[in-house]
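Heads up: numbering here begins at 1 and tracks the sequence. These figures come from a predicted structure and were not determined experimentally.
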Amino acid sequence: ICLVQRPVAIPMDPPPTNPPSSKSFVRNTLIDAGPLIALFDRSDKYHLKAVRFLEEYQGYLWTTWPVLTEASHMLDFSVRAQLALLEWVD
């Protein structure tokens with residue numbers, strides 16, 4: 001992943017080629033720091049929602065360096081959480 005000033009894709013499972021008509025699929029989602037913090041902070045009240053979302057999401061997540069910087073800063077209570085975030089993006 002090349003993280004520069006523009007948004008960057010975080011690869012997830014590829015979206016289905018023929019999604020069911022009863023459910024629409026979002027193929028690209030711009031993600032801010034909040035969901036990333038919730039994903040790697042088990043004490044966050046939205047942690048389980050973030051995990052469940054990613055278990056079902058089929059598409060690409062996009063973010064920017066400033067978002068990753070903010071999420072890493074907010075996870076400064078745990079070096080393990082910070083590393084997990086950066087490894088997940090890589």
Side-chain angles (χ1 to χ4, degrees):
I1 295 175
C2 178
L3 294 175
V4 289
Q5 296 300 323
R6 62 185 189 277
V8 193
I10 300 172
M12 303 296 291
D13 291 333
T17 54
N18 295 316
S21 59
S22 63
K23 185 175 182 182
S24 64
F25 288 89
V26 177
R27 295 179 187 267
N28 292 290
T29 301
L30 181 63
I31 190 167
D32 198 13
L36 292 176
I37 295 164
L39 184 62
F40 293 97
D41 179 0
R42 292 181 182 169
S43 68
D44 190 289
K45 69 179 184 178
Y46 296 108
H47 175 73
L48 288 177
K49 285 186 177 188
V51 170
R52 287 186 188 127
F53 172 80
L54 287 179
E55 287 174 348
E56 297 178 10
Y57 183 73
Q58 296 180 353
Y60 294 95
L61 297 176
W62 291 79
T63 197
T64 63
W65 271 115
V67 167
L68 292 176
T69 301
E70 179 184 356
S72 182
H73 174 73
M74 296 303 293
L75 295 170
D76 70 350
F77 62 88
S78 169
V79 173
R80 291 180 78 180
Q82 290 174 318
L83 289 174
L85 166 67
L86 296 175
E87 289 171 359
W88 183 74
V89 171
D90 188 35

From T64 atom OG1 to E70 atom CD, the distance as rounded to the nearest 0.5 Å
9.0 Å
Transitively linked via ILVMFWY side-chain contacts under 4.5 Å: W88 with L48?
no
Tell me whether L86 is reachable from L75 by hopping between hydrophobic residues (I, L, V, M, F, W, Y) whose side-chain heavy atoms are closer than 4.5 Å.
no
Test question: given the 4.5 Å side-chain rule for I, L, V, M, F, W and Y, name all other residues clustered with V79, or answer none.
L83
Nearest 0.5 Å, please: how far is CD in Q82 from CD in E87?
12.0 Å
Contact between L68 and T63 at the side-chain level, heavy atoms closer than 4.5 Å - yes or no?
yes
Under the side-chain contact (heavy atoms from CB on, under 4.5 Å) test, which residues partner R80, sequence neighbours left out?
S78
Side-chain donor-acceptor distances from residues 32-41 under 3.5 Å, at least two apart:
unit_1: D41; atom_1: OD1; unit_2: S43; atom_2: N; d: 3.0
unit_1: D41; atom_1: OD1; unit_2: S43; atom_2: OG; d: 2.7

Who passes ring-ring contact (aromatic ring centres under 6.0 Å, His included) against Y46, sequence neighbours left out?
none
Determine whether F53 and V51 make a side-chain contact, defined as any pair of heavy atoms from C-beta on separated by less than 4.5 Å.
no
As an exercise, state the distance from CE of M74 to CG of D76, rounded to the nearest 0.5 Å.
7.5 Å
